[in-house]
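The basis for the numbers below is simple: all heavy atoms, side chains too, and nothing from hydrogens, waters or symmetry mates.
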4 protein chains.
Amino acid sequence: MSLNKVQLIGNVGKDPEVRYLDNHVAVATFPLATTEKGYTLANGTQVPERTEWHNIVLWRGLAEVAEKYVHKGDKLYIEGKIRSRSYDDQNGIKRYVVEIFGDNMEMLSSRPAQAGTTPPAQPVQTPQASPQPNSAADDLPF
Amino acid sequence: MSLNKVQLIGNVGKDPEVRYLDNHVAVATFPLATTEKGYTLANGTQVPERTEWHNIVLWRGLAEVAEKYVHKGDKLYIEGKIRSRSYDDQNGIKRYVVEIFGDNMEMLSSRPAQAGTTPPAQPVQTPQASPQPNSAADDLPF
Amino acid sequence: MSLNKVQLIGNVGKDPEVRYLDNHVAVATFPLATTEKGYTLANGTQVPERTEWHNIVLWRGLAEVAEKYVHKGDKLYIEGKIRSRSYDDQNGIKRYVVEIFGDNMEMLSSRPAQAGTTPPAQPVQTPQASPQPNSAADDLPF
Amino acid sequence: MSLNKVQLIGNVGKDPEVRYLDNHVAVATFPLATTEKGYTLANGTQVPERTEWHNIVLWRGLAEVAEKYVHKGDKLYIEGKIRSRSYDDQNGIKRYVVEIFGDNMEMLSSRPAQAGTTPPAQPVQTPQASPQPNSAADDLPF
DNA sequence: TTTT
DNA sequence: TTTT
């Protein structure tokens, strides 16, 4: 009875950081920028261009694809869901992050493949159940 | 060159708060919950149900519709985009909020209308012109 | 490098027809109606309400869920992709049908469960690769 | 109470055909191909690549943008709705066509602009007003 | 053939 | 803070 879906087309802000959990599950994270063009209102007000940064998190096969094929500057389509998570920062202050857990990705920049790699079958998609790490979505300051 | 789209079906956590800006523009805010059902992994691990809370922000006509027709507990479809915003909290600490700016809403609970109101034309959407030429969708051979 | 995604919220026109292929794979088909409300243009022209009928096709687990829980009149969310298919009608004339192959479904009507059934875990979603029956999408008269 | 949404990323099959109605409204039509990669099933069956052709129809401003900037071979994101239409063919046989009425388009190929034209503001969308309050999306702690 |  |  619920839907939580995000679709983004944007540019990768940094090369993905990939780590492997104890169970050898890969997790990739990287920022993705979407940009709205600026425009002028009827009354002459200039609304400037605006860039939104999204924290992308990929798991398993998608993370491995990202490790091999995704680079800073690439244009990507990402489909997934919104997840909130809290953590305590270095000053013991509780912080909230919103992340996009991607379950489908399309590479929209066509780059020459790196030596020793083969191009990914697309669409690359996570098989069914995605892992659910410790996270919290309560107490949002809203 | 960019897409920032969110689609949610969930339940309204609180009656909308509606305020009017100096230019008489209405802004409505309310929390919306999406819930993923829990499940059991192949290895027997129980993944519990998980609720995500989304900060919905509606403008103008959509805000006015929300003021009249949206109530705590209602099931809604919301389409919009992700927007981040920062503010300084009461301790001068910079905080970030992620909000969903809705530009399309569908009311999925059919409630009896309140006395003195009329049901909204649906879909309620930020105004758009879309011409409707002669066309037919009947008698499909299916 | 490609995306083909459809999202529908509408009403089921008929109880699903479910058949089982030789390999015991279930396939369910039913029509789903989406309706745009009519409205009046600035120049006074009345644009009438318009109903679009979609041919929904579900496979495997989703088809089995549809067989048990989906009924005429129900409101559904369906996510999937567009597929065209051709066939020769009884007069040997080549006909084209467009179908929506659903891979995600949400039941938006909450009906009392039928005796002897248990509610489906939701969201019900097809696990990865969906079967690709004989179909053709070429030579469209466009 | 209804949603009819399609999202496509694909390649333009032919340069758009643009015509102008009596009221000077522009209408552009062109085919767009989405392609699913082939794959091999667990039992060894080869599922071949499959291309789906979509009949895109754009109106007004979007049609004018397509006339200027969209060409055969371009990669596009198109968002819109499914519309069915019937007509009688040259043999008096009733035919049905399914079209995608686009209301949002993103050009994903970056081509050098043609002489005498300026690049389109993007996203190009059927006009909408959406207020932009003070907000910040930088310095996210990620 | 649905629904509001 | 919702809902099943």
Is N91(A) reaching over with its side chain to a backbone N or O of I93(A), donor-acceptor style, under 3.5 angstrom? no

Closest of dT3(F), dT1(F), dT3(E) to the T35(C) side chain is dT3(E)

Sub-3.5 Å donor-acceptor pair from the side chain of E52(B) to the main-chain atoms of S84(A), do we have one?
yes

Separation of dT1(E) atom P from H54(C) atom NE2, nearest Å, is 18 Å

Is it the case that the side chain of N55(D) and the backbone of V98(D) share a donor-acceptor pair, with hydrogens and angles ignored and the cut-off at 3.5 Å? yes

Review point. Is W53(C) stacked on the base of dT1(E) when the test is centres under 5.5 angstrom and planes under 30 degrees?
Key: yes

E36(B) CD to dT4(F) P, in whole Å, measures 18 Å

Of the candidates dT1(E), dT3(E), dT1(F), the side chain of K72(C) sits closest to dT1(E)

No-H, no-angle donor-acceptor pair, T34(C) side chain to dT3(E) base, under 3.5 Å:
no

Separation of dT2(F) atom P from M107(B) atom CE, nearest Å, is 21 Å

Are D89(A) and R95(A) within salt-bridge range, i.e. N to O under 4.0 Å?
yes

Which of dT1(E), dT2(F), dT3(E) is nearest the side chain of N11(C)? It is dT3(E)

Among the nucleotides dT2(E), dT1(F), dT4(F), whichever has the atom closest to the side chain of K37(B) is dT4(F)

Between CZ of R50(B) and C1' of dT4(F) the distance, given in whole Å, is 17 Å

Rounded to whole Å, the CD-C1' distance (E106(B) to dT3(E)) equals 12 Å

- Would you say the side chain of T51(C) and the base of dT1(E) hold a donor-acceptor pair, judged only by whether the two atoms sit under 3.5 Å apart? no

Between CG of L3(A) and P of dT2(F) the distance, given in whole Å, is 21 Å

Between OH of Y77(B) and P of dT4(E) the distance, given in whole Å, is 20 Å

Is the NZ or CZ atom of R83(A) positioned over F101(A)'s six-membered ring, under 6.0 angstrom from the centre and within 45° of the axis? yes

Here the distance between atom P of dT3(E) and atom CG of N4(D), to the nearest Å, is 18 Å

